[in-house]
Amino acid sequence: MTRYSRITGTGSYLPPRRLTNAELAAELALRGVETSDEWIVERTGIRARHFAAPDVSSSDLATVAARNALEAAGVQASEIDLIIVATSTPDMVFPSVACIVQNKLGIAGCPAFDVQAVCSGFIYALTIADAMIKSGSVSRALVIGAEVFSRILDFSDRTTCVLFGDGAGAVVLEASDTPGILASDLHADGKYVGILCVPGHVMGGQVLGSPLLTMDGQAVFKLAVGMLEGTARAALTKANLTAADIDWMIPHQANLRIMQSTTRKLKMPLEKMIVTVDQHGNTSAASIPLALDVSVRSGKVKKGDTLMLEGVGGGFTWGAVLLNY
Ligand code: UT7
């Protein structure tokens, strides 16, 4: 019998501190940085984001999201045999957030590692977990996206600091004899490293270079739309499906205009696109599992629906996972 993988539970967590655009603009004004709710909504669709308290790390957010996903799946933490965390804002240089989450969940022994593909991280992590389940090496995986991007924002740069937020999303992915994940498609092109990066690094006890996010927004915007359309089409072709078969598009939540352009390019109605960027901002690797969990819990996404998850981000990296929920 063919072995597949299927999502059996979703969970998420947002830190309680929520800042509307107006609240953020007022804080930035105190630093002499000028922005407005009107500009942010018009250019990005973002209305609010959550920021974690200073003593809260990615592993804290990830652990709550994981517990929520385990509960939804009806699975005990002790039954998990793989943990993958997608993050670009780990608690420490090493070890991985996944190992820290494993300990916080009170389990030991199963493989646990991080995937670093920035905003495409969850798509990469889900693809790896799917492959490990299909190969027979594991049966029940926790796949998590967790970020505290507020830690790496330059609050003197209005072109980036209004865009991002903190949060975590998780899924339980289990072996199944019916197909859940139908196809996936992953890409990277390292010549674009410089257009979206945190260039700093640790050396000899010091941080060398800037430890804050820097981005050429327009360059990212132009590349993102074409890459997202291409990877979605590639995943559909691999599964022998068309865009008409998709019930819900769950794109990386970075900018409403990018999401709308991609969905339109696939000739899909915008009503089939899940939008959480308005409330979460861009939570990088957490954005897709967060949007998935919100849409499952609101009753939009139902068992049996065909979902297209797709992401793009620093690296450049991009990819899509097409699945039957
Ligand atoms: O996860 C993947 C990572 N990132 C993305 O997907 C981001 C992709 N890029 C974008 O979302 C958009 O390019 C941005 C939202 C970053 C910028 O939108 P834009 O429509 O490309 O604006 P722009 O960069 O062309 O800037 C237009 C104007 C500029 O002023 P001037 O030069 O026309 O006078 C900016 O200085 O808007 C100004 N501006 C702002 N004004 C108020 C830039 N940021 C702000 C701001 N508030 N926060």
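Note: hydrogens, waters and symmetry copies are ignored here, and every other heavy atom, side chains too, is used. Note that ligands are numbered from 1 as they come in the structure, with each ligand's atoms numbered from 1 the same way.
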Give a yes-or-no answer on whether the side chains of T263 and K272 include a donor-acceptor pair shorter than 3.5 Å. no

Side chains of D166 and S150: do they bring a donor and an acceptor to under 3.5 Å? yes

Grouping I, L, V, M, F, W and Y whenever their side-chain heavy atoms are under 4.5 Å apart, do L323 and V115 come out in a common cluster? yes

Does this structure show an ion pair linking D305 with K300, if we count only N-O contacts that are shorter than 4.0 Å? no

Please check if a non-hydrogen protein atom sits closer than 4.0 Å to atom 29 (C) of ligand 1. no

For G217, the ligand 1 atoms whose distance to one of its heavy atoms is below 4.0 Å: 8 (C), 9 (N), 13 (O)

Give yes or no for whether the N/O distance cutoff of 3.5 Å, strictly under, is met between S36 and ligand 1. no

What atoms of ligand 1 come closer than 4.0 angstrom to any heavy atom of C119? 1 (O), 2 (C)

Run the salt-bridge test on R297 and E71 with the 4.0 Å N-O cut-off and return the result as yes or no. no

List the steps, then state whether salt bridge (charged side-chain N to carboxylate O under 4.0 Å, His left out) holds for E23 with R47. CA-CA 10 Å; E23 287 163 342; R47 293 177 184 276; over 6 Å; no

Short version for V162: what comes under 4.0 Å of ligand 1, heavy atoms counted, is side chain

Quick one: look up the protein heavy atom nearest atom 36 (O) of ligand 1 and list residue, atom name and how far away it is. R158 NH2, 3.1 Å

Check whether any N or O atom of L196, backbone or side chain, sits under 3.5 Å from an N or O atom of ligand 1, and answer yes or no. no

Looking at N21, T35, N255, the heavy atom closest to atom 11 (O) of ligand 1 belongs to N255

If we number the atoms of ligand 1 from 1 as shown, the ones under 4.0 Å from a heavy atom of R43 are 19 (P), 20 (O), 22 (O), 27 (C)

Geometry only, no angles: is N282 polar-contacting ligand 1 at N/O separations under 3.5 Å? yes

Quick one: nearest non-hydrogen protein atom to atom 18 (O) of ligand 1, plus distance? R257 NH2, 3.6 Å

Cationic N near anionic O, under 4.0 Å, E174 to R140: yes

Please check if V321 and W248 belong to a single hydrophobic cluster, counting links between Ile, Leu, Val, Met, Phe, Trp and Tyr side chain heavy atoms closer than 4.5 Å. yes

Does the pair K238/D185 count as a salt bridge with the N-to-O cut at 4.0 Å? yes

Which word best sums up how the rings of H187 and W318 line up, parallel for under 30°, tilted for 30 to 60°, or perpendicular for over 60°? parallel

How does V118 reach ligand 1, if at all, at less than 4.0 Å between non-hydrogen atoms: by side chain, backbone, both, or neither? neither

Heavy-atom contacts with H252 under 4.0 Å: which atoms of ligand 1 show up? List them by number with element. 1 (O), 2 (C)

For atom 15 (C) of ligand 1, closest protein heavy-atom neighbour: T44 CG2, 3.6 Å

Nearest non-hydrogen protein atom to atom 24 (O) of ligand 1, with distance, is Q218 NE2, 3.8 Å

For A254, the ligand 1 atoms with a heavy-atom partner under 4.0 Å come out as 1 (O), 6 (O)

Decide if atom NZ of K303 counts as having more than 12 heavy atoms of other residues, nucleotides or ligands within a radius under 6.0 Å. yes

Starting from atom 42 (C) of ligand 1, locate the nearest protein heavy atom and write down its residue, its atom name and how far away it is, to 0.1 Å. W39 CG, 3.4 Å

Please report whether atom 34 (O) of ligand 1 has a protein non-hydrogen atom at a separation of less than 4.0 Å. no

When you check the side-chain N and O atoms of S58 and D91, is any donor under 3.5 Å from an acceptor? no

Only residue of V75, L105, V138 satisfying side-chain contact (heavy atoms from CB on, under 4.5 Å) with I80 is V75

Is the closest protein non-hydrogen atom to atom 13 (O) of ligand 1 under 4.0 Å? yes

Show the atoms of ligand 1 that are less than 4.0 angstrom away from any heavy atom in I258. 6 (O), 8 (C)

How close does the nearest protein non-hydrogen atom get to atom 4 (N) of ligand 1, and which residue and atom is it? M215 SD, 3.4 Å

Examine ligand 1 and decide if any of its atoms is less than 4.0 Å from a heavy atom belonging to V220. yes

